[in-house]
Amino acid sequence: GVLNFTTLLYTIKFEVMTSLWDFVWLALFVALSFGQSEDPFAEFDTDETVIIESDEYDIEEEESIVEEPPAALEPDNLDDQIIIEDESDFEPINPNEKHMSGNNDLNILKAPVNLKGHWEDYYLEIIGLIGVFVYALNFYTGKSINNRMANAWFEHHKKLLSDAFYIVGDDGVSKEVSEGVLVKESENRFVVWCTGRLGCEGIKIEIKLLRRQDLISVLSQIFKPQSDTITITTYLAPDDMDSVVLAVMPRKGLKRLQQEVQDLAHFATEKKTDKFDLPPQLGILSEFSEVSNEFLSAPVCKTISDNIDVFDSIHFSDYYTGFKIAQESQTETERPKPVKQLIFNFVIPGQGKRTKSSIMETTEPLVRMALHMMVKCHKFKLSKENKMKAEKHRIQVEEEFLKQTHSQRQEAAQARRDERKRQEKEKIQELDPEAQRRYEEREYKKSMRRSGPRVKQLKVKTG
């Protein structure tokens with residue numbers, strides 16, 4: 001009985017203590033609830049002075065909030081107006097107020113525009129202007145040098161040419177005869193036409209100077225030097241020249257020209273130079289020894305040897321048709337007409353470095369030699385035996401040309417027939433089936449008539 005009573009006392013004590021703790025927690029909750037303000041936003045309502053601090057500005061302003069009564073709503077624009085029920089939820093904005101952030105990371109720097117650039121900023125433009133100036137200066141200088149050299153050559157040789165020809169320096173354009181005209185074909189190419197001499201239709205003198213007006217050509221001249229040249233081409237009438245093929249030129253280009261030039265490839269062979277008083281660097285191509293012995297006399301050989309730095313080559317031909325390369329580009333039916341020409345090539349010494357007017361006088365002895373050989377060519381006659389051989393050689397060349405072009409002509413004719421048949425087939429396809437049938441019948445009858453035997457009909461009159 002004592003144990004049960006003790007247990008009962010501990011149970012009552014535990015329940016009382018539990019109730020006391022619950023009462024304490026409830027009292028604390030009620031006290032905290034009554035201690036709060038009725039307005040939860042009351043802590044934000046303050047009339048203290050607002051100070052805005054900034055890194056760029058030092059401004060202290062007192063902001064006063066002016067509350068204005070809400071405007072009356074007009075019935076016409078109720079839908080466009082905003083109805084504010086609780087004004088404490090909004091804060092009016094003063095348009096004169098400057099809102100600055102105290103922590104502004106965006107710094108805009110107003111750098112001055114640099115309008116005065118340094119010359120190093122325009123080095124490309126400067127280089128371009130210098131290049132244009134140098135090119136223009138070189139063009140004017142080179143053109144002036146070429147004009148001076150060409151006029152110097154013409155003035156120095158004018159009297160010599162006037163003694164040999166009736167007209168010297170014809171322009172070739174005007175109907176009336178003109179004299180003393182140096183035709184300028186380009187800034188580095190000049191031509192002199194002369195005519196009026198027995199045994200010669202006329203001569204063409206080409207003064208081919210270096211392209212001194214071109215800056216690129218001037219620079220290439222440093223690595224690959226070239227020379228100014230004088231070319232004299234004599235045009236002869238068919239009766240003014242016998243069958244003659246002769247060439248004197250440097251040995252290093254002898255074989256190449258013999259393969260490329262048509263008349264030299266067909267008629268000329270290399271001759272020995274032992275009996276001629278010529279420099280060793282020159283070679284001779286001739287059809288007959290009689291021709292080389294007649295034209296390469298002792299005075300001629302001496303003139304060539306004394307002016308070897310000016311002499312380049314001579315080429316006489318009564319069957320000149322040009323280079324093989326030019327003929328290959330022509331059609332199979334075109335045949336260059338053989339002409340009779342004397343070609344003299346001279347060079348101005350110095351490889352373009354000597355540009356004085358006096359250097360153009362060095363070709364005078366060779367020009368005299370050319371005029372002398374023109375007269376000799378007009379008077380020269382081959383022996384009967386060599387004349388017959390020369391005519392035989394030329395007939396063989398004509399026959400070889402006809403054989404070479406025969407197959408080409410056949411191929412061209414077959415190509416034309418195929419093209420004609422193709423065009424006829426295209427026309428047939430455009431016809432209706434009935435017209436095609438009639439056309440095929442007509443073509444079949446034609447083919448049968450061509451393939452059938454040909455019978456010659458004879459009419460016999462009786463009675």
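On a predicted model such as this, the values are computed, not experimentally measured, just so you know. Index from 1, following the sequence.
Nearest heavy atom pair, residue S217 against residue S220, reads O-OG, 2.8 Å. Closest of all the heavy-atom pairs between F223 and L219 is CD1-O, 3.4 Å. Scanning all heavy atoms of the two residues, the minimum distance from Y320 to S317 falls at N-OG, 3.2 Å. When all heavy atoms are compared, the tightest approach of L210 to Q213 is O-OE1, 4.3 Å. The two residues Q351 and P225 come nearest to each other via the heavy atoms OE1-CB, 3.5 Å. S313 approaches M249 most closely through the heavy-atom pair CB-CB, 3.7 Å.
The side chain to side chain contact (heavy atoms under 4.5 Å, CB included) search around V218 returns N138, not counting sequence neighbours. Checked against side-chain hydrogen bond (donor to acceptor under 3.5 Å, both in side chains), D170 has the following partners two or more places apart in sequence or in another chain: S178. Shown here are the salt bridge (charged side-chain N to carboxylate O under 4.0 Å, His left out) partners of K184, two or more places apart in sequence or in another chain: E187. Remark: K255 engages E270 in a side-chain hydrogen bond (donor to acceptor under 3.5 Å, both in side chains) (not counting sequence neighbours). Residues passing the side chain to side chain contact (heavy atoms under 4.5 Å, CB included) test with D240, sequence neighbours excluded: L236, A237, H378. Scored by the side chain to side chain contact (heavy atoms under 4.5 Å, CB included) test, L129 finds no partners at all (sequence neighbours excluded). Qualifying side chain to side chain contact (heavy atoms under 4.5 Å, CB included) partners for I130, counting only residues two or more places apart in sequence or in other chains: I126, V134. For the side-chain hydrogen bond (donor to acceptor under 3.5 Å, both in side chains) test, no residue two or more places apart in sequence or in another chain qualifies with S292.
Here the straight-line distance linking atom OG1 of T229 with atom CG of D312 works out to 8.0 Å at 0.5 Å rounding. Taken from CG in L285 to OG1 in T269, the straight-line distance is 7.5 Å, to the nearest 0.5 Å. Taking NZ of K271 as the start and CD of E287 as the end, the distance is 9.0 Å to the nearest 0.5 Å. Atoms CD1 and CG, on I284 and L282 in that order, are 8.5 Å from each other to the nearest 0.5 Å. Put simply, CE on M149 and CD1 on I359 are 8.0 Å apart, with the number rounded to the nearest 0.5 Å. For the atom pair F323 CZ and L257 CG, the distance stands at 6.0 Å (nearest 0.5 Å).
Between the K387 side chain and the L382 main chain, no donor and acceptor come within less than 3.5 Å of each other. Using modelled atom types, one side-chain atom of R251 and one backbone atom of P280 make a donor-acceptor pair closer than 3.5 Å. Of the possible donor and acceptor atoms, none in the side chain of E361 sits under 3.5 Å from a partner among the backbone N and O of H156. Checked by atom type and distance alone, the side chain of R148 pairs as donor or acceptor with a backbone atom of T355 at under 3.5 Å. Proximity of a side-chain donor or acceptor of D228 to a complementary backbone N or O of I348 within less than 3.5 Å is not detected. Side chain of Q259 to main chain of A265: no donor-acceptor pair is present (N/O by atom type, distance under 3.5 Å, no hydrogens or angles).
Between K159 and D163, at least one side-chain N (NZ, or NE/NH1/NH2) sits under 4.0 Å from a carboxylate O, which counts as a salt bridge. The pair R368-E364 meets the salt-bridge criterion, with a side-chain N (NZ, NE, NH1 or NH2) lying under 4.0 Å from an Asp/Glu carboxylate O. Under the 4.0 Å criterion applied to side-chain N and carboxylate O atoms, R422 and E419 are assigned as salt-bridge partners. Salt bridge R394/E398: absent, no basic N to carboxylate O contact under 4.0 Å.
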Query raised in the report: Are R417 and Q414 close enough, and set up right, to give a side chain to side chain donor-acceptor pair (under 3.5 Å), and what steps lead you there?
Result: CA-CA 5 Å; R417 287 193 294 268; Q414 184 63 33; 2.5 Å; yes
Requested in this report: Kindly indicate, with the supporting measurements, whether the criterion side-chain contact (heavy atoms from CB on, under 4.5 Å) is fulfilled by D214 and Y135.
Outcome: CA-CA 8 Å; D214 186 12; Y135 189 89; 3.8 Å; yes
Query - Chi angles and distances behind the salt bridge (charged side-chain N to carboxylate O under 4.0 Å, His left out) call for E424, R420 - result: CA-CA 6 Å; E424 291 178 356; R420 188 164 54 250; 5.1 Å; no
Query raised in the report: What do the steps show when you test E290 against S383 for side chain to side chain donor-acceptor pair (under 3.5 Å), and what is the final call?
Result: CA-CA 9 Å; E290 179 185 359; S383 62; 3.2 Å; yes
Query raised in the report: Which is it for F344 and V367 under the side-chain contact (heavy atoms from CB on, under 4.5 Å) test, yes or no, and what are the steps along the way?
Result: CA-CA 9 Å; F344 303 87; V367 173; over 6 Å; no
Query raised in the report: Is there a salt bridge (charged side-chain N to carboxylate O under 4.0 Å, His left out) between E441 and R437 once you walk through the steps?
Result: CA-CA 6 Å; E441 290 179 356; R437 186 184 62 79; 2.7 Å; yes
Donor-acceptor list for residues 195-207 side chains, cut-off 3.5 Å, not counting sequence neighbours:
| unit_1 | atom_1 | unit_2 | atom_2 | d |
| --- | --- | --- | --- | --- |
| T195 | OG1 | E201 | O | 3.0 |
| R197 | NH1 | A164 | O | 3.1 |
| E206 | OE1 | R189 | NH2 | 2.2 |

Which atom pairs, donor and acceptor, lie under 3.5 Å between side-chain atoms of residues 297-310 and protein residues at least two apart or in another chain?
| unit_1 | atom_1 | unit_2 | atom_2 | d |
| --- | --- | --- | --- | --- |
| K302 | NZ | D306 | OD2 | 2.9 |
| T303 | OG1 | P299 | O | 2.8 |
| S305 | OG | D277 | O | 3.1 |
| S305 | OG | C301 | O | 2.9 |
| N307 | ND2 | T303 | O | 2.9 |

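At least one side-chain heavy atom of V261 sits less than 4.5 Å from a side-chain heavy atom of H315. For the pair V244 and E294, the minimum side-chain heavy-atom distance is 4.5 Å or more. Counting only heavy atoms from C-beta outward, the side chains of M241 and C377 approach each other to under 4.5 Å. When side chains are defined from C-beta on, F154 counts as touching V192, because their heavy atoms get closer than 4.5 Å. W193 has its side chain out of reach of I167: every pair of non-hydrogen atoms, C-beta onward, lies at least 4.5 Å apart.
Of the listed residues (D318, V245, V397), just one forms a side-chain contact (heavy atoms from CB on, under 4.5 Å) with D263, and that residue is V245.
Applying the ring pair (Phe, Tyr, Trp, His ring centres under 6.0 Å) rule to pairs touching residues 250-295 yields F267-Y319, F295-F316, F295-F380, sequence neighbours excluded. Judged as a salt bridge (Lys or Arg N to Asp or Glu O under 4.0 Å), not a single pair has a partner in residues 369-382 (not counting sequence neighbours).
Aromatic ring pairs are classed by plane angle as parallel below 30°, tilted from 30° to 60° and perpendicular above 60°; the pair W153 and H157 is parallel.
Within 6.0 Å of atom CD1 in I216, 12 or fewer heavy atoms from other residues, nucleotides or ligands are found, so the atom counts as exposed in its surroundings.
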